[in-house]
Amino acid sequence: MAKDDDFAGRVLAWWDVHGRKDLPWQHPRTPYRVWVSEVMLQQTRANTVVPYFERFVAAFPTVHDLASADPDRVLHLWSGLGYYARARNLHEAARRLAARPATDAFPREVAGWMELPGVGRSTAGAVVAQAFGERASILDANVRRVLARHHRVEGSVASSSAQTELWRLAEHHTPTQRVADYTQAIMDLGATVCRSAKPICDACPVQDTCAAHATGEEAQFPHRSPRKSARRLERRRFFVITAGDLVLLEKRPANGVWGGLWSPPERREDEPLDECLPRLGVELATVAETTHAAPFRHGFSHYDLDVLPVYVHLTRLPAEVRDGASLRWARRDDALGLSAVAAKLIAPTEPTQRSLLETDP
DNA sequence: AAGGCGGGGGA
DNA sequence: TCCCCAGCCTT
């Protein structure tokens, strides 16, 4: 595709009229805010991110505030957003950035950003382009779809050859002027016009040079991955152990689902309650009541989880409360660092919970 | 190269 | 239900 097609110019002209210009990370468009937003936007739609972003930057207005923050508070503000490794990486990256000399706290180049955990090529390009206006390219799902259609890029987007070609095209189309606006524009185009389902080709500024549209095969691009494995179902039992308005939380292993977050302790396979409680420092004699709450299903991208909560109410806290690195008692209405499901499990407003408290002598 | 990692929204 | 999303990291 020759430069004189002025792909970027047409996309920019479209964006000037139809693009999104009121997203919170655009005002003000500082490196810190752009970086935080781009990490939140990994695999997450903009509309979902907006309220999380606003809470996050209100709590941590600068990279220094974030660097010195309590890790559980960072995770707390991420709770519900998913992919929690992003939050841990963001926090670690903030610590590294804050340790740099003030004069170059934020890299101006893609390579500098890519050294930070949680920042890959696309996120680095987005930050550099939007925060500094330097010529840099992105290749997110929106851009990938626009380019795969426009140039009929064959092969699964996961394949190495397609990746190489898409990156080449992305960089080819990136203009030298108005790079920040172009970056936003090409993403807006993919999100609102060149949509995954039912693209609105008649509203597209580059329709007349789109190779897939020429043959009416927009829906065939980008090629889908060959197959996906059958959806599996898991069942997990959690013990929601409460004493008054306190609840016992266990730090989950760093790897796996909800890695590094806190949750009610999970029953190990076929582990009896009278073995589980001592492991948690709870005396069996203090158990006042156990209630099997209604199970619920939680969908993940690749499997479903059946959550079976068992509420265990204690008459008193253990004589010796271990407030260790992997076990802690927290106020049920003020617990930090939980996943969305864990927060739901301990929510004081949970109906099953109220009935439990009401039967408490 | 493939799989893991959340959760929500739309069709 | 199924698919997809402003990806990155590990193996």
Side-chain angles (χ1 to χ4, degrees), chain A residues 19-20 23-26 34-53 75 78-90 92-93 113-127 129-130 136-146 155-164 166-167 170 183-192 194-199 219 222 224-234 252-261 263 297-305 307 338-344:
Chain A
R20 290 181 289 187
L23 294 166
W25 42 90
Q26 298 172 320
V34 170
W35 166 52
V36 169
S37 75
E38 287 300 330
V39 173
M40 286 187 171
L41 287 160
Q42 290 166 7
Q43 296 295 107
T44 312
R45 294 174 198 274
N47 286 343
T48 302
V49 164
V50 167
Y52 287 88
F53 175 82
L75 286 171
W78 213 273
S79 181
L81 207 47
Y83 287 123
Y84 298 99
R86 294 184 294 174
R88 290 198 302 277
N89 287 332
L90 188 77
E92 171 60 24
W113 281 100
M114 285 184 69
E115 291 176 5
L116 297 169
V119 179
R121 185 173 175 183
S122 188
T123 298
V127 174
Q130 298 189 72
S137 303
I138 59 167
L139 187 61
D140 63 357
N142 292 311
V143 179
R144 189 160 46 237
R145 188 169 50 251
V146 171
S156 163
V157 292
S159 72
S160 176
S161 58
Q163 285 291 325
T164 301
L166 288 166
W167 269 112
T183 300
Q184 186 64 49
I186 187 72
M187 288 190 287
D188 284 356
L189 186 66
T192 65
C194 196
R195 303 181 298 198
S196 179
K198 296 199 298 181
R224 309 259 275 272
S225 298
R227 93 175 180 286
K228 51 182 170 291
S229 52
R231 200 172 180 80
R232 69 177 196 274
L233 184 63
E234 279 187 24
R252 301 183 59 83
N255 295 326
V257 171
W258 307 319
L261 278 73
S263 82
R297 178 160 298 187
H298 182 76
F300 287 82
S301 53
H302 49 300
Y303 66 99
D304 286 308
L305 187 67
V307 178
L338 284 69
S339 70
V341 168
K344 183 176 177 181

Look at all strands and tell whether [X] reaches a base, only sugar-phosphate, or nothing, counting heavy atoms closer than 4.0 Å.
{"X": "A:Ser196", "result": "sugar-phosphate"}
{"X": "A:Val39", "result": "nothing"}
{"X": "A:Arg88", "result": "nothing"}
{"X": "A:Leu90", "result": "nothing"}
{"X": "A:Gly190", "result": "nothing"}
{"X": "A:Ala197", "result": "nothing"}
{"X": "A:Gln184", "result": "base"}
{"X": "A:Val257", "result": "sugar-phosphate"}
{"X": "A:Thr183", "result": "nothing"}
{"X": "A:Trp25", "result": "base"}
{"X": "A:Ala126", "result": "nothing"}

Does the side chain of [X] get closer than 4.0 angstrom to OP1 or OP2 of [N] through an N or O atom?
{"X": "A:Arg224", "N": "C:dC4", "result": "yes"}
{"X": "A:Trp258", "N": "B:dG4", "result": "no"}
{"X": "A:Thr123", "N": "C:dC8", "result": "yes"}
{"X": "A:Arg45", "N": "B:dG10", "result": "no"}
{"X": "A:His302", "N": "B:dG4", "result": "no"}
{"X": "A:Tyr83", "N": "C:dC9", "result": "no"}
{"X": "A:Gln42", "N": "C:dG7", "result": "no"}

> Between A:Phe300 and A:His302, how do the two ring planes meet: parallel, tilted or perpendicular, split at 30° and 60°?
Replying inline: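 The arrangement is perpendicular - the two ring planes meet at more than 60°.
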> Parallel, tilted or perpendicular: which describes the rings of A:Trp113 and A:Trp35, with under 30° parallel and over 60° perpendicular?
Replying inline: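 It falls in the tilted class, 30° to 60°.
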Rounded to whole Å, please give me the gap between [atom1] in [X] and [atom2] in [N].
{"X": "A:Asp304", "N": "C:dC2", "atom1": "CG", "atom2": "C1'", "result": "11 Å"}
{"X": "A:Gln163", "N": "B:dA1", "atom1": "CD", "atom2": "P", "result": "10 Å"}
{"X": "A:Arg231", "N": "C:dC4", "atom1": "CZ", "atom2": "P", "result": "13 Å"}
{"X": "A:Leu189", "N": "C:dA6", "atom1": "CG", "atom2": "P", "result": "12 Å"}
{"X": "A:Arg145", "N": "C:dC3", "atom1": "CZ", "atom2": "C1'", "result": "12 Å"}
{"X": "A:Ile138", "N": "C:dC5", "atom1": "CD1", "atom2": "P", "result": "14 Å"}
{"X": "A:Leu41", "N": "B:dG8", "atom1": "CG", "atom2": "P", "result": "16 Å"}

[atom1] atoms of [N] and [M], separation to the nearest Å:
{"N": "B:dG3", "M": "C:dA6", "atom1": "P", "result": "23 Å"}
{"N": "C:dC8", "M": "B:dG9", "atom1": "P", "result": "23 Å"}
{"N": "B:dG8", "M": "C:dC9", "atom1": "C1'", "result": "23 Å"}

> How do A:Glu38 and A:Leu116 order along DNA chain C: which one's closest nucleotide is nearer the 5' end?
Replying inline: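 On the 5' side of the pair lies A:Glu38.
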> Going by atom types alone, do A:Arg144 and A:Ser122 pair a side-chain donor with an acceptor below 3.5 Å?
Replying inline: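 Side chains of A:Arg144 and A:Ser122: no pair found under 3.5 Å.
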> Does any nucleotide pair with B:dG6 by Watson-Crick or G-U wobble geometry, both distances under 3.5 Å, and what is it?
Replying inline: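 When the pairing criteria are applied, nothing turns out to pair with B:dG6, so the answer is none.
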>> Taking atom CD as the centre, does A:Glu115 end up with more than 12 heavy-atom neighbours from other residues, nucleotides or ligands that are less than 6.0 angstrom away?
In response: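 No, not enclosed.
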> Can a donor-acceptor pair under 3.5 Å be found between the side-chain atoms of A:Arg20 and the base atoms of C:dA6?
Replying inline: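 Indeed there is one.
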